[in-house]
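Written out below as structure tokens is the structure these notes cover.
Model, not experiment: these values are computed from the prediction.
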Amino acid sequence: PEQSLANYNSELDAAILAEYPNAEITHLTEDDSRGIIVLGQTEEERAAEDDIRDFVQRTGEDIYAAGNFWA
């Protein structure tokens, strides 16, 4: 399970960085819940937080549906 999560996070990071190359990505793991924080570096990216959040949600769903991350 840990390797699958690492693979999933790697795919998600690559997709986010392809779309938002200056993003800072932090994966959170607390009390069996998981999350992600994506901070844009440019003024435009910071102004587009809702767009970034939607992109991350859709991309994560697509990665999960494809299932290529399972170890």
Side-chain angles (χ1 to χ4, degrees):
E2 291 301 318
Q3 185 60 53
S4 294
L5 178 60
N7 295 345
Y8 173 85
N9 286 342
S10 292
E11 284 190 46
L12 186 56
D13 290 356
I16 292 168
L17 291 172
E19 186 72 17
Y20 301 99
N22 297 315
E24 289 183 24
I25 303 167
T26 303
H27 295 274
L28 304 174
T29 56
E30 297 177 10
D31 302 327
D32 294 330
S33 63
R34 302 197 186 283
I36 185 169
I37 297 173
V38 179
L39 300 175
Q41 293 297 302
T42 67
E43 191 66 34
E44 290 174 349
E45 289 172 340
R46 282 192 295 270
E49 287 182 23
D50 289 339
D51 293 338
I52 294 171
R53 187 176 14 260
D54 291 344
F55 176 82
V56 170
Q57 179 67 34
R58 281 191 318 273
T59 302
E61 290 171 359
D62 291 347
I63 291 169
Y64 190 85
N68 297 325
F69 61 93
W70 294 108

* Asked: Are any non-hydrogen side-chain atoms of Y20 and D51 less than 4.5 angstrom apart?
  ->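 In contact.
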
Which distance, rounded to the nearest 0.5 Å, do you find between the [atom1] of [X] and the [atom2] of [Y]?
| X | Y | atom1 | atom2 | answer |
| --- | --- | --- | --- | --- |
| I25 | L17 | CD1 | CG | 4.0 Å |
| E11 | T59 | CD | OG1 | 11.0 Å |
| H27 | L12 | NE2 | CG | 6.0 Å |

* Among side-chain atoms of N7 and Q3, is any donor-acceptor pair under 3.5 angstrom? ->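 Their side chains do contain a donor-acceptor pair, which is all the 3.5 Å distance test asks for.
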
* For the residue pair S4 and A71, what are the closest heavy atoms and their distance? ->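 In terms of heavy atoms, the two residues are closest at OG-N, 2.8 Å.
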
* So which heavy atom on F55 is nearest to which on I16, and how close? ->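 Shortest heavy-atom separation between F55 and I16 comes out as CE2-CA, 3.9 Å.
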
* **Qualifying residues under salt bridge (charged side-chain N to carboxylate O under 4.0 Å, His left out), relative to R53, sequence neighbours excluded** =>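 Residues passing salt bridge (charged side-chain N to carboxylate O under 4.0 Å, His left out) with R53: D50.
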
* To do: Check ring-ring contact (aromatic ring centres under 6.0 Å, His included) between F69 and all other residues, then give those that pass, not counting sequence neighbours.
  =>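 F69 satisfies ring-ring contact (aromatic ring centres under 6.0 Å, His included) with Y8, Y64 once adjacent residues are dropped.
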
